[in-house]
> 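Take a look at the following structure, please.
Source: prediction; values computed, not measured.
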Amino acid sequence: MRTGAPAGRKTIALIVASCGLTLLLAYFNKARCAGAPFDGYGRSLIFDKIKDSRFCYSDIQYLWLGRDINNHVFPYIDGGITSGGALTGGTVEYPVLSGALMWLGATGAHNDAQFLLNSALLLAPFALLTAWMLGRLAGRAALLWSIGSPLVLYAFHNWELPVVLTSVGAIFLMTFERIPLRRRAIGAAILLALGFCLKLYPGAFVIPLLLYVATGGVGGRELPEKLKGRFDIRGAIAVAGAASATVIAVNLPFVLAGFDGWRASFTFQQKREADITTNSIWYWGLRPMFADDAGSDEAYNHAVAIASPLLVFGAFALAVWLGWRRFQSVGTYPWVAVSGAMLCGFMLFHKVHSPQYTLWLLPFLVLFAVPWTSVLAYLVADAAIGIGVFLYFHSLATNGAVDLMENIVQFGVWGQAILLVFFFFAFLRVRTRGAPRSVEGESAAPQGDLVASAH
């Protein structure tokens, strides 16, 4: 463990205040691309001129146009997708809660600068609450979230902060051992399901959570007294049921009001190609193996469409299995560690690796005591993508130092890939940062147990 006592009020206050200052810096970084004069649609004229060269691009500002956000159309209800994969009407490419947040951020906005500001004000509380919870869980290590470069680069790049809150909130809720295991696990499952309705990935964490419940929590101590058998199957079913019911309850109104628009968001992601904009190992690793002739793009994208999901689900299965082996060894299923490993597998093998995904991973780097050198190396590789890819696009447009910028981007892509493999296995074997109260093991248990200071 990095520390042996819960963080004090002053430390928590420092973590949250630092996060607030970083959010200000993050906003002003993106706001460099926004402001008068505007065109007739409310687009900042400066946006297209400097978004790459000054790496102040954000999806928030970009999507002011093209998804009927500027027209204040409520998402999914009126829309669909063309045969070519272009979204129409008010449909956006994200799950329904993210679309609702986008619509809410546009309320009262008449141009992309106002939309960016409104969205930043809407998203900032999610980052601050995440900082508070991480401070309670991991002490000063939470400063990695509050003052790290990813928050500057990506806090207002897309709508990631709410989904990060759901996954951290689920972990935080599970630390309250005075609440019965089934009850707090159902609450955590609901949070993860809300995360699924924001950006999908937290939904995968329900699998290790229900295994944690089925095995009775820490050392099996919370198995029901009248349980017949070794595992709490009813508890696991309750967790899965709560998650499923939440997803249905959130999505059903959109399905009924506009099925085509709702379905289009999933179809868009299915049809999206792993091209130069995706920063993935598929584009930089697999694409060069296909000849540049007629049909090569189709063959390449077909190969990715098959290999990517197979490897993602394979990584999920490996993480769950390794977690089960650990349970057999120490008596506690390490659901948070398995969740972190699953996320690494998703980020590595998914056909799209947007720079802001680093925000998803950051809480796990805070919670688990992986070497700080590896964390720093990951942040360097992340900056090579998060900044380098926009400079690369600028170089392509202006015939600048294309080779140099391409090398920087590739350094980031492959550097992150190597470290994601390292973190995948490291999460399952290292101890956590924080105080000696545990969600996944005794305070003196072997490595791999999540310790919490939320009490």
> Mind checking what makes side-chain hydrogen bond (donor to acceptor under 3.5 Å, both in side chains) contact with D78, not counting sequence neighbours?
none
> Would the distance check show the side chain of S146 and the main-chain N or O of I15 forming a donor-acceptor pair, the cut-off being under 3.5 Å?
yes
> Which pairs, with at least one residue in residues 241-283 and sequence neighbours excluded, count as a disulfide bond (SG atoms under 2.5 Å apart)?
none
> Using a 3.5 Å distance criterion without hydrogens, assess whether the side chain of R67 forms a donor-acceptor pair with backbone atoms of G90.
no
> Report the residues that fulfil side-chain hydrogen bond (donor to acceptor under 3.5 Å, both in side chains) with D48, sequence neighbours left out, ordered by chain and then residue number.
none
> Given side chains that start at C-beta, do those of R272 and T277 come closer than 4.5 Å, heavy atoms only?
yes
> Is the side chain of W335 donor-acceptor paired with the backbone N or O of I171 at a distance under 3.5 Å, no angle test?
no
> Show me the side-chain donor-acceptor pairs of residues 104-117 shorter than 3.5 Å, one per line, residues at least two apart or across chains.
from: T107; atom 1: OG1; to: W103; atom 2: O; distance (Å): 3.4
from: T107; atom 1: OG1; to: L104; atom 2: O; distance (Å): 3.0
from: N111; atom 1: OD1; to: A113; atom 2: N; distance (Å): 3.1
from: N111; atom 1: OD1; to: Q114; atom 2: N; distance (Å): 2.8
from: D112; atom 1: OD1; to: S44; atom 2: N; distance (Å): 3.3
from: D112; atom 1: OD1; to: S44; atom 2: OG; distance (Å): 2.6
from: D112; atom 1: OD2; to: R43; atom 2: NH1; distance (Å): 3.3
from: D112; atom 1: OD2; to: S44; atom 2: N; distance (Å): 2.9
from: D112; atom 1: OD2; to: S44; atom 2: OG; distance (Å): 3.3
from: D112; atom 1: OD2; to: Q61; atom 2: NE2; distance (Å): 2.9
from: Q114; atom 1: OE1; to: H110; atom 2: N; distance (Å): 2.5

> Sorted by first residue and then second, give each disulfide bond (SG atoms under 2.5 Å apart) pair with at least one member in residues 40-97; sequence neighbours left out.
C33-C56
> Which word best sums up how the rings of Y57 and Y62 line up, parallel for under 30°, tilted for 30 to 60°, or perpendicular for over 60°?
tilted
> For D39 and Y41, indicate whether the former's side chain and the latter's backbone hold a donor-acceptor pair under 3.5 Å.
yes
> Give every residue pair that meets the side chain to side chain donor-acceptor pair (under 3.5 Å) criterion with at least one member in residues 298-313, sequence neighbours excluded.
none
> Under 3.5 Å, side-chain donor or acceptor atoms of residues 352-366 against the rest of the protein: list the pairs with distances, not counting sequence neighbours.
from: H353; atom 1: ND1; to: M347; atom 2: O; distance (Å): 2.9
from: H353; atom 1: NE2; to: Q416; atom 2: OE1; distance (Å): 3.1
from: Q356; atom 1: NE2; to: E160; atom 2: OE2; distance (Å): 3.4
from: T358; atom 1: OG1; to: P355; atom 2: O; distance (Å): 3.4
from: T358; atom 1: OG1; to: D382; atom 2: OD1; distance (Å): 2.6
from: W360; atom 1: NE1; to: E160; atom 2: OE1; distance (Å): 2.6

> Distance-only criterion, 3.5 Å: show the donor-acceptor pairs between side-chain atoms of residues 401-408 and protein atoms not counting sequence neighbours.
from: E406; atom 1: OE1; to: Y392; atom 2: OH; distance (Å): 3.3
from: E406; atom 1: OE2; to: Q410; atom 2: NE2; distance (Å): 3.4
from: N407; atom 1: ND2; to: D403; atom 2: O; distance (Å): 3.2

> Please indicate whether F290 has more than 12 foreign heavy atoms, meaning atoms of other residues, nucleotides or ligands, lying under 6.0 Å from its CZ.
yes
> Spell out, as yes or no, whether a donor-acceptor pair under 3.5 Å connects the side chain of T246 to the backbone of I190.
no
> Just by distance, do the side chain of T82 and the backbone of A86 share a donor-acceptor pair under 3.5 Å?
yes
> So does D275 pair up with R287, basic N to acidic O under 4.0 Å?
no
> Within 45° of the ring axis of Y94 and under 6.0 Å from its six-membered ring centre, is that where the NZ or CZ of K199 lies?
yes
> Output yes when a side-chain donor or acceptor of T398 lies under 3.5 Å from a complementary backbone atom of H394, and no otherwise.
yes
> In chain order, what residues pass the side-chain contact (heavy atoms from CB on, under 4.5 Å) check against V152, with sequence neighbours excluded?
T22, L25
> If you look only at pairs with a residue in residues 351-378, which of them pass as a salt bridge (charged side-chain N to carboxylate O under 4.0 Å, His left out), with sequence neighbours excluded?
none
> Answer yes or no: is there a donor N or O on one side and an acceptor on the other, between the side chain of R184 and the main chain of M174, under 3.5 Å?
yes
> Does a side-chain heavy-atom distance below 4.5 Å link F422 with Y378?
no
> Is the backbone of R54 close enough, under 3.5 Å, to the side chain of R32 for a donor and an acceptor to pair up by distance?
yes
> Excluding sequence neighbours, so at least two apart, what forms side-chain hydrogen bond (donor to acceptor under 3.5 Å, both in side chains) with S280?
T278
> Who passes side-chain hydrogen bond (donor to acceptor under 3.5 Å, both in side chains) against T267, sequence neighbours left out?
R263
> With distance as the sole test, does W145 use its side chain to make a donor-acceptor pair with the main-chain N or O of A127 at under 3.5 Å?
yes
